[in-house]
Number of protein chains: 2
Amino acid sequence: MTKKAPKPHLTTLPLDSIIGGDSIEALNSLPEASIDMIFADPPYNLQLSGELHRPNNSRVDGVDNDWDKFADFATYDRFTVDWLKAARRVLKDDGSLWVIGSYHNIFRVGAKLQDLGYWMLNDVIWRKTNPMPNFRGRRFTNAHETMIWCAKSAESRYQFNYEAMKTLNDDLQMRSDWLMPICSGSERLKGEDGVKSHPTQKPEALLYRILMAATKPGDVVLDPFFGSGTTGAVAKKLGRHYIGIERDPNYIKVARARISKVQPVPEKEMLQITSKREEPRIPFGWLIERGLLEPGTVLTSTNGRFTAKVRADGTLISSDHRGSIHQVGAAVQGAPACNGWQFWCVPREGQLIPIDYYRQQLRAELH
Amino acid sequence: MTKKAPKPHLTTLPLDSIIGGDSIEALNSLPEASIDMIFADPPYNLQLSGELHRPNNSRVDGVDNDWDKFADFATYDRFTVDWLKAARRVLKDDGSLWVIGSYHNIFRVGAKLQDLGYWMLNDVIWRKTNPMPNFRGRRFTNAHETMIWCAKSAESRYQFNYEAMKTLNDDLQMRSDWLMPICSGSERLKGEDGVKSHPTQKPEALLYRILMAATKPGDVVLDPFFGSGTTGAVAKKLGRHYIGIERDPNYIKVARARISKVQPVPEKEMLQITSKREEPRIPFGWLIERGLLEPGTVLTSTNGRFTAKVRADGTLISSDHRGSIHQVGAAVQGAPACNGWQFWCVPREGQLIPIDYYRQQLRAELH
DNA sequence: GAAGACGCTGAATCAGCGC
DNA sequence: TGCGCTGATTCAGCGTCTT
């Protein structure tokens with residue numbers, strides 16, 4: 001067996017390409033803290049596949065006694081820790097990691113994630129509309145797979161496109177259980193012989209939702225077990241950069257051909273993420289400076305129970321309190337916090353108009 | 001602190017009772033290989049810090065009990081290994097174990113299960129119809145919990161009532177994802193002050209399905225973290241024996257009072273286990289799980305000429321036939337087929353209400 | 001009395017920037 | 001890094017009160 005020497009660390013990322021070879025070695029060749037998101041579909045534990053490989057590509061022997069089972073769990077755990085560590089090094093501090101697995105391996109992966117300092121954000125259940133039935137009638141139909149979404153650390157300011165997810169779900173918060181079909185039909189890659197090109201090709205819809213949820217256009221997405229390249233195909237389509245790592249030359253070939261046919265969404269604007277959090281901040285005082293509100297204007301709370309006057313410096317004054325729109329709103333209610341923009345209103349034509357209305361007006365003017 | 005001396009091993013099981021004290025000590029006091037099934041709802045190690053407020057400024061009443069606090073992962077792992085080992089000793093060779101948890105703890109529990117030689121059969125997802133939203137909009141709604149079902153070993157000939165699960169699910173294989181509401185309303189135990197008696201009371205429908213799937217009448221079911229006693233209540237109802245272990249004297253009191261009020265399904269035969277497109281499909285068995293129909297209820301045919309009794313697994317039994325609502329409906333009429341939903345009725349206030357009425361009710365609840 | 005409004009609550013690892 | 005300020009954020013079900 002030929003074993004490549006460890007690659008030197010690259011100084012620039014090999015964007016939109018597939019690195020051939022061992023996942024851990026390839027990860028170690030990349031610059032640290034350079035990747036925005038990692039999606040990983042690692043090999044499952046041996047008990048089903050019988051095809052567990054050690055990091056050095058040697059195959060783990062089949063097993064049928066307790067001692068070996070333990071040895072194999074330990075081997076799998078070492079492999080898991082190795083790639084999770086290597087992945088964590090290349091991940092940006094505010095990056096996040098997704099891992100998918102089944103009950104054979106996902107519990108071991110999840111425990112090691114936590115041990116290494118990753119911070120779990122959600123476990124997400126992919127519910128399959130069309131799972132394989134349980135033929136022997138000895139268990140429940142295994143109708144789902146589990147994904148773990150985690151940040152590099154508890155302090156990480158990870159990307160989450162809350163509004164996009166909510167919109168995707170008919171204006172209800174997106175839940176942790178996702179209903180999707182398995183990859184089949186024309187989406188399933190097949191060779192000329194009609195045989196499926198990869199045994200565990202993931203549906204593009206799954207990656208679509210993941211990338212829409214946790215990345216922004218231009219981000220770099222890495223997949224250390226690239227397989228048939230679903231991650232790359234969807235990343236290209238959605239205007240994200242991808243880096244794939246794959247050991248099997250045939251899978252690389254299949255994935256390259258596949259991705260080359262992908263048409264990116266043509267208009268950049270279609271990919272933009274709208275988020276209230278990212279809109280430019282408008283201080284309350286600006287409304288007064290710009291004449292949208294006059295000093296001395298009496299504001300009324302949404303429920304009509306409280307009033308306060310606008311002062312020239314952008315603070316409010318009520319009978320008992322003075323301070324920012326938020327502080328006075330909280331104080332009059334005796335609440336720990338308050339969004340003054342939504343709480344305070346101006347009476348106009350018999351209605352109460354939240355001052356947020358004026359902010360939106362100003363925001364539009366300021367482009 | 002007074003610490004009880006280790007109890008000697010009992011030679012007979014304390015059936016249908018609650019053992020006060022530490023889970024591991026109590027497990028160690030029981031005879032080995034004596035338990036048919038264990039259901040465990042261990043502390044989740046939530047690691048909550050600070051307070052969380054809803055958008056309307058009300059405070060979320062989170063779990064902050066001492067029993068959920070662990071110093072670190074290693075401490076939690078030791079605790080997990082200890083109780084899993086003790087549980088495995090008392091489990092019969094052909095017995096099985098269920099554990100429920102969330103992403104905070106379930107991956108650690110799952111990994112330790114495998115390390116100790118338990119053999120995973122399924123991970124089962126409880127999808128909540130009505131989870132708490134994510135108030136800050138920083139994650140997906142945490143809308144599920146995970147259960148692991150495992151046998152004592154890979155060689156175990158565990159109990160699985162495949163046919164019962166299939167009939168409970170309208171003659172389709174039961175999947176690994178279960179849709180059920182959280183425990184609320186009148187089922188939720190409250191003190192005289194109206195405060196919930198236990199922070200994490202599980203719904204009876206969940207235990208109903210578990211016990212129907214993996215035990216038979218007369219089996220002994222053990223719950224080492226008994227809490228408010230849901231396991232005991234459902235076990236008593238379904239003619240299974242229970243043994244609870246609980247440390248908190250107040251929870252024991254609550255559980256005892258609760259279980260004393262439970263009426264077991266009166267006729268043994270009702271417990272025996274035999275081996276549409278646009279609207280969501282509601283299996284007949286769900287009406288029973290959810291308490292809309294009780295096992296033993298007598299159904300009458302629309303024309304009043306036939307009767308049949310409801311059994312706990314969702315089958316009917318008439319004088320000459322047994323099977324699904326459709327099968328028995330067809331058989332008593334000598335017809336080739338029958339829509340049991342329209343054919344079978346419940347007498348109520350002098351009228352015959354088709355069981356379809358209950359289906360519609362449940363459908364509305366489940367959205 | 002019925003229908004609708006309103007309030008409360010559930011195993012929750014729940015913010016981000018600037019000084 | 002620590003502190004203080006700004007300001008973003010909820011779904012389904014049940015019970016009670018009002019119209």
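Note on naming: letters A, B, ... go to the chains in the order of the sequence lines (proteins, then strands), and numbering restarts at 1 for each one. Treat the numbers as computed from the prediction; the structure is a model and nothing was measured.
For the pair A:R359 and D:dA8, the criterion of a side-chain N or O lying under 4.0 Å from OP1 or OP2 is met. The side chain of B:R188 places no N or O atom within less than 4.0 Å of a non-bridging phosphate oxygen (OP1 or OP2) of D:dG13. Side-chain nitrogen and oxygen atoms of A:S324 include at least one within less than 4.0 Å of the OP1 or OP2 phosphate oxygen of D:dT6. Taking side-chain N and O atoms only, A:Y162 has a distance below 4.0 Å to OP1 or OP2 of D:dT10. Put simply, B:R136 has a side-chain N or O that comes within less than 4.0 Å of OP1 or OP2 on C:dA15. For A:H326 and D:dT6, the shortest distance from a side-chain N or O to OP1 or OP2 is not below 4.0 Å. The side chain of A:N339 places an N or O atom within less than 4.0 Å of a non-bridging phosphate oxygen (OP1 or OP2) of D:dA8.
Among the heavy atoms of the strands, none lies under 4.0 Å from A:E279. Contact annotation for B:G50: base contact, defined as any heavy-atom pair under 4.0 Å involving a base atom. Residue B:T141 is out of contact with every strand shown, counting any heavy-atom pair closer than 4.0 Å. Base contact: B:P131 has a heavy atom under 4.0 Å from a base atom. Within 4.0 Å (heavy atoms only), A:L121 reaches no atom of the nucleic acid at all. At the heavy-atom level, B:W67 lies under 4.0 Å from base atoms of the strands shown. At a threshold of 4.0 angstrom between heavy atoms, the contacts of B:P203 with the nucleic acid are absent. Using a 4.0 Å heavy-atom distance criterion, B:C183 is classed as making no nucleic acid contact.
Closest to the side chain of A:R157, from the set D:dT10, D:dG15, C:dG16, is C:dG16. Distance from the side chain of A:A337 is smallest for D:dG7 among the nucleotides D:dC11, D:dC5, D:dG7. Side-chain proximity of B:T129 to C:dC17, C:dA15, D:dG13: nearest is D:dG13. Between C:dA12, C:dA11, D:dC11, one nucleotide has an atom nearer to the side chain of B:L52 than all others, and that is C:dA12.
With the 3.5 Å cutoff on both pairing distances, Watson-Crick and G-U pairs in DNA chain D assemble into runs of at least 3 at C:2-10 with D:11-19, C:15-19 with D:2-6.
Evaluation of atom-type donor-acceptor distances gives no pair under 3.5 Å for the side chain of B:K128 against the base of C:dA11. Below the 3.5 angstrom threshold, one finds no donor paired with an acceptor across the side chain of A:R281 and the base of C:dG18. Under 3.5 Å, the side chain of B:N142 and the base of C:dA11 form no donor-acceptor pair of N or O atoms.
B:R108 forms a cation-pi arrangement with B:F73, by the criterion of a distance under 6.0 Å to the ring centre and an angle within 45° of the ring axis.
A:Y162 places no side-chain N or O within donor-acceptor distance of the main-chain N or O of A:M174, the cut-off being under 3.5 Å.
The residue from A:W98, A:W178, A:F39, A:W119 that alone fulfils the ring pair (Phe, Tyr, Trp, His ring centres under 6.0 Å) condition with A:W149 is A:W98.
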